[in-house]
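Only heavy atoms go into these numbers, but all of them, side chains included; no hydrogens, no water, no symmetry mates.
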Amino acid sequence: MKKKTISISQVVWEAIVERGRFNETPDDVLRRDWLKLIGKKRSAQKGRSVKATVRMRANVVDGKLQILFVGGHPKEWTLPASSDKTALKRVREEAFAFGNDNGATEGQLAAISKALNEAGYYVHGKQQRPAR
């Protein structure tokens with residue numbers, strides 16, 4: 001399936017991030033919540049696994065998230081206080097965008113979240129969601 005790029009406002013982006021579940025992409029959220037395409041899975045999910053063609057490393061060192069694709073340029077983000085969920089979500093989404101730009105698989109994107117979680121930078125979970 002060919003990917004398309006769209007521009008959205010910050011308000012729409014924040015709504016997508018807020019509705020997202022652990023390890024979901026914006027595409028997953030839009031499919032489920034707004035387009036009601038729950039039964040229609042993406043081609044990569046039709047029983048075949050997608051294997052990474054480029055190795056990636058994600059680590060948190062000295063308050064910085066570092067991502068390296070072997071043979072590519074590394075990128076790092078200074079992490080906010082672990083209690084600043086809005087800023088932390090922004091860093092995570094920037095890291096996901098960097099991963100997607102470098103051809104990251106779902107598993108590699110999950111590794112980014114895992115690196116953040118293991119370092120104590122939790123974004124998801126019922127205790128972090130605001131009461132409605």
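Rounding to the nearest 0.5 Å gives a distance of 10.0 Å between CG of Leu88 and CZ of Arg90. Expressed to the nearest 0.5 Å, how far CD of Glu93 lies from CG of Asn100 amounts to 9.5 Å. A distance of 11.0 Å separates OG in Ser113 from CD in Glu118, rounded to the nearest 0.5 Å.
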Quiz prompt | Evaluation steps, side chain to side chain contact (heavy atoms under 4.5 Å, CB included), between Phe98 and Glu94 | solution = CA-CA 6 Å; Phe98 175 73; Glu94 288 175 14; over 6 Å; no
Quiz item: Can you check side chain to side chain contact (heavy atoms under 4.5 Å, CB included) on Ile8 and Ile16, steps first, answer last?
Solution: CA-CA 10 Å; Ile8 59 174; Ile16 292 170; 3.9 Å; yes
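Between the side chain of Arg19 and the main chain of Ala15, a donor-acceptor pair closer than 3.5 Å is present. Checking side-chain atoms of Lys85 against main-chain N and O of Tyr122 turns up a donor-acceptor pair under 3.5 Å. Listed for the Asp28 side chain is a donor-acceptor partner under 3.5 Å among the backbone atoms of Thr25.
Residues Pro80 and Tyr121 share a closest heavy-atom pair of O-CE2, 3.3 Å.
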Side chains of residues 54-75: which donor-acceptor pairs under 3.5 Å do they make with residues two or more places apart or in other chains?
unit_1	atom_1	unit_2	atom_2	d
Lys64	NZ	Glu76	OE2	3.4
Gln66	NE2	Glu76	OE1	3.3

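Placement of Ile6 and Val29 within a single hydrophobic cluster is found when ILVMFWY residues are connected by side-chain heavy-atom separations under 4.5 Å, directly or transitively.
With contacts defined as side-chain heavy-atom distances shorter than 4.5 Å, the pair Trp13/Pro26 qualifies.
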